[in-house]
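Below is one structure, written out as structure tokens, with a few remarks after it.
For the numbers below, each heavy atom of this structure counts, side chains included, while hydrogens, waters and symmetry mates do not.
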There are 2 protein chains.
Amino acid sequence: MNIGEVSKKAALPAKTIRYYEDIGLITPLRDPNGYRCFRDADMHKLAFLGRARTLGFTIEDCRALLALWNDQSRASADVRSIAKEHLAQVEKKISDLQEIRDTLSHLVRECVGDERPDCPILKSLEKFPGQKSPQKIAGATREA
Amino acid sequence: MNIGEVSKKAALPAKTIRYYEDIGLITPLRDPNGYRCFRDADMHKLAFLGRARTLGFTIEDCRALLALWNDQSRASADVRSIAKEHLAQVEKKISDLQEIRDTLSHLVRECVGDERPDCPILKSLEKFPGQKSPQKIAGATREA
DNA sequence: ATGGTGGTTCCAGCTACTGGAAGGTCAAGA
DNA sequence: TCTTGACCTTCCAGTAGCTGGAACCACCAT
């Protein structure tokens, strides 16, 4: 199977599949012409990866899960602990976002949104309460 | 005021403040020695930025909000529409994450997590249902 | 003079891809 | 046979929003 067909079947962009090879998640064979040649085992791995990624597991999680998947002697407890850890992160993220949502929707409700320059949203951004020490807001993490 | 003091007061890392200058969100003066010299207006902008970022507005949102903030003739409707748009995104993200959480917690509950290799989580990742066309899972977006 | 704590610049790296350029391969049609 | 077009290849750069680190300068106290 060439990459195009695999891309359709695994529901992943070809670019992503090449990237997964780059970072060593899969290692498809090559045809004499240089084209990647995917066998069923590769397809299964890709499908697995797609699903795990859809559930928000990081690439490194996926790498670990794949290794466990391939390891016939794994303990299911190892898998479970990765999943539990991830679940905890998802729950944290949800509650953070819910707080943000509440604040935002409160602001939006307060603002009549007319043509006048008076704006409670901006006003509240000026003096919105509570912050501690220098926060790290960052985090180019993917979620969902 | 030097950057250290501002960092404490605005509750933002110095690195972040320099970055905000880089991308043109603020333009502090310079002392003869080359040190950045922040006045109250800069402080207020930084505080504003910190709050907007805490609420998950993107940098470009912040740029727009700052411009509106500085524009005495702005219409509050413009601000409101940015906030509403952002609110919608936050709500979408929450519901995506809730779906993920439900699936994950279901999986974790199903898995006894013992020493045996049999693992319902891995099994379900093999054959987890429903995907359409090649998905873009991506998105280095920050959220709160 | 020295040490410590600030400040400065610049470059690289993080996640997980994505877009695009420049070019090779293959099958079908004129 | 030539050409067209779809498909494949590699490689480089860019995304968001910082963060870490190196190498260096400025200031103040001893």
Roughly how many Å is it from CD1 in B/Ile17 to P in D/dG17, rounded to a whole number?
17 Å
So, A/Arg53 and A/Glu60, do they make that salt bridge, N to O below 4.0 Å?
no
Please tell me if A/Thr16 has a side-chain N or O lying less than 4.0 Å from either OP1 or OP2 of C/dT18.
yes
Can you tell me how far P of D/dG17 sits from CD of B/Glu21, to the nearest Å?
18 Å
If you check every side-chain atom of A/Tyr19, which of D/dT9, C/dA16, C/dT8 has the closest atom?
C/dA16
CD1-CG distance between A/Ile82 and A/Leu87, expressed to the nearest 0.5 angstrom
13.5 Å
Any base atoms under 4.0 Å from B/Arg36, or only sugar-phosphate, or nothing? Heavy atoms, all strands.
sugar-phosphate
Reckon A/Arg53 has a side-chain N or O less than 4.0 Å from the OP1 or OP2 of C/dC17?
yes
Checking all strands, does B/Ile23 fall into the base, sugar-phosphate, or nothing category for heavy-atom contacts under 4.0 angstrom?
nothing
So does B/Tyr20 get a side-chain nitrogen or oxygen closer than 4.0 Å to the phosphate oxygens (OP1/OP2) of D/dG17?
no
Given atom CG of A/Asn2 and atom C1' of C/dT25, what is their separation to the nearest angstrom?
11 Å
If the threshold is 4.0 Å, N to carboxylate O, is there a salt bridge linking A/Glu21 and A/Lys45?
no
d(NZ, A/Lys15; P, D/dC12) in whole Å
13 Å
Nearest whole angstrom, please: distance from the C1' of C/dT15 to the CG of A/Leu25.
13 Å
Give the rounded distance in Å between these two atoms: CG of A/Asp31 and P of D/dC8.
11 Å
For B/Thr58 and for B/Asn33, find the nucleotide of DNA chain D with the closest heavy atom, then tell me which residue's nucleotide is more 5'.
B/Thr58
Report yes if at least one side-chain N or O of B/Arg30 is closer than 4.0 Å to OP1 or OP2 of C/dT9; otherwise report no.
yes
A/Met1 CE to D/dC7 P, in whole Å, measures 16 Å
Are the side chain of B/Asp31 and the backbone N or O of B/Asn33 linked by a donor-acceptor pair below 3.5 Å?
no
Do B/Leu49 and B/Tyr20 make a side-chain contact, defined as non-hydrogen atoms from C-beta onward lying under 4.5 Å apart?
yes
In whole angstrom, give the distance that lies between atom CZ of B/Phe38 and atom P of C/dT8.
7 Å
